[in-house]
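Right, one structure below, let's go through it.
Naming convention: chains lettered A, B, ... in sequence-line order (proteins, then strands); numbering from 1 in each chain. In this text, all values refer to a predicted model and were calculated from it rather than measured experimentally.
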Protein chains: 2
Amino acid sequence: MAIDLDTGLLRNFLVCTRLGSISRAAHALGRTQPALSQQLRRLEDIVGEALLQRAATGVSLTAAGAALLPYAERILALSGEALAGVPRAKLSGRCSVGILEDFTGTSLPAAFADFGRLHPDTTLELVALLGSETRTALDSGRIQLALCDAEFLERPPRWSVRVPLLWAAAENFDATIDPLPLVMFSEPCRWRSLAFSALSVAGRCWRIAFESGSLTAIHAAVRAGLGVTTLLPTAMAQGVVSAPVSQSLPALTDIEIGLARRPESEGDVLTNAVEGMLKQLA
Amino acid sequence: MAIDLDTGLLRNFLVCTRLGSISRAAHALGRTQPALSQQLRRLEDIVGEALLQRAATGVSLTAAGAALLPYAERILALSGEALAGVPRAKLSGRCSVGILEDFTGTSLPAAFADFGRLHPDTTLELVALLGSETRTALDSGRIQLALCDAEFLERPPRWSVRVPLLWAAAENFDATIDPLPLVMFSEPCRWRSLAFSALSVAGRCWRIAFESGSLTAIHAAVRAGLGVTTLLPTAMAQGVVSAPVSQSLPALTDIEIGLARRPESEGDVLTNAVEGMLKQLA
DNA sequence: TGCCTCCTATAAGTTTTCATTATGGCCATA
DNA sequence: TATGGCCATAATGAAAACTTATAGGAGGCA
């Protein structure tokens, strides 16, 4: 028998009671409804009592659930306090990280700012690079860490995440136009060829409608309806939305985003901390 | 980033500090040392600080670890309180469970007694049965639940656990004797044939040295050195120990222990609760 | 110094767990 | 009755966690 109540399960339970519905809670937690339904049942199995009364209109607390709720809140609060209460080592020094422009629109810059506020003696630098520039920047010591397409790295990455490459277009863009107008990064861009070959395999014609080396320009061109492009999910923007795979837009392969580290920085405490932060964000 | 500290990880951390060694803690928790080593690192990744100072003599707390420790204790204590504090539904009625004699030596009878103490209005009955008797007992309503070899059940079990079938012998018993003397349950016992065929495949000769329908008698015969037998891990006893697989004792197949439930008891609250208890014990 | 033992970390492979898609049932509202 | 929202279950596939095997480092002792 499980001795301890899992905090993850308690968190789910809490959100379900707050929102009054498993479906809504699932959406809020970024899960599907069946997943949450199962987890909830797992918690009930551990406790040995039904915690939520299911109905067609949503869920409500049972007596056992009402009794558990304050414990859940207290445990989760303590967990948060614990994380905040642990003394952090004093960090100092300088660390530069190279990233793809695609990641500049994410929570990554904000996380870097938070880190800097927490450790005033450090200087963190975020450098937007092309994948092809990464190796040189690492070798020269310009950056200590790099997050980019694993294909561009010299050796296997220390760790990596798979990210889908998506078609992006303006809302209501008609992707059936033939030949398909493409908005693309200028060479060297590895993802260009991925798009081209996917289109070839699907027997689809295309033409380059616009080309630029800047993500902002790409965004603007797509937003203006000049054509479709391929982007990472993190690079979508206002007025530029992911277009579903269909007859006219073939599926694209996933991209492996890997982390590389300058060997000379091995053992550096600040670099360790920054790498840990990146891994948690990924 | 993980928002919550997992109670399982905190429990491991706590045990490591108490015992001063990852290896000892792993043994105490019924895990292997690498598993615990990894979990500990996972916790440190979440917290973002080293919690334990590793040394050749064991582990000791770092400053961050010392800060986290009281939180860990408090969270785990709250978790226990929560489980104890949830009001239990008043249960009443009668429930009989059929089990193999092999399980009478486990914590199962004690758990049944605890359950009865917690729910004074209930009558629980534990019936030791042969696998072959299970179906009749269920059909007649003699029992509502049964835990036995899945092969004996009419339909697929509601759930099951795989358990290894082991060779059992007296300590220092010489298993190289030829032909191998066997102590066996009388027919009908499905495991007899499993043992026989395993020996045949290994080209090993055997003879039946003792035969009985009672587990106690089997234990006594094995303890006296009359021969070896096959038992579930839960059926080992004083003076009867598991004999490792070797040249003279071939590997045996696993047994699938399944739970069957009388269809008429579907929806019965007490039977639900007892089934839940059995599942947690399994 | 050399050997032995006890400890921890890492790697590779396998099993288990978890989440997703797909589907069906139930209740309320129109 | 039809329709939409909500929950449960089943089956598949991906991810996580555990296990075995192995390597490396520090202390105890001849």
Show me the protein contacts with nucleotides 6-8 of chain C, counting only N or O atoms at under 3.5 Å.
from   : atom 1 : to     : atom 2 : distance (Å)
dC7(C) : OP1    : R24(B) : NH1    : 3.2
dC7(C) : O4'    : A56(B) : O      : 3.2
dT8(C) : OP1    : I22(B) : N      : 2.8
dT8(C) : OP2    : I22(B) : N      : 3.4
dT8(C) : OP2    : S23(B) : N      : 2.9
dT8(C) : OP2    : S23(B) : OG     : 2.6

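- The backbone N or O of L52(B) sits less than 3.5 Å from a side-chain atom of E44(B), completing a donor-acceptor pair.
- Here the closest heavy-atom approach between residue E49(A) and residue A64(A) is recorded as CB-CB, 3.7 Å.
- Note on Q38(B): every side-chain N or O is 4.0 Å or more away from OP1 and OP2 of dT10(C).
- With no hydrogens or angles considered, no side-chain donor-acceptor pair links R42(A) and N12(A) at under 3.5 Å.
- Checked for salt-bridge contact, E73(B) and R18(B) meet the test: a charged N lies under 4.0 Å from a carboxylate O.
- Counting to the nearest Å, the P atom of dA11(C) and the CZ atom of R158(A) are 11 Å from each other.
- In this structure, the CD atom of Q53(B) is 15 Å from the C1' atom of dA9(C), given to the nearest Å.
- Taking CG of L40(A) as the start and CG of L9(A) as the end, the distance is 8.5 Å to the nearest 0.5 Å.
- Atom NE2 in H27(A) sits roughly 17 Å away from atom P in dA19(C) (whole-Å rounding).
- At least one donor-acceptor pair closer than 3.5 Å links the side chain of T62(A) to the backbone N or O of L51(A).
- Distance CZ (R31(B)) to P (dT15(C)): 17 Å, rounded to an integer number of Å.
- Taking each heavy atom of E275(B) and R158(B) in turn, the nearest pair found is OE2-NE, 3.0 Å.
- A donor-acceptor pair under 3.5 Å is formed between the side chain of S79(B) and the backbone N or O of L5(A).
- Where DNA chain D meets chain B (any atom under 4.0 Å from a heavy atom), the bounding nucleotides read 5' to 3' are dA17(D) to dA26(D).
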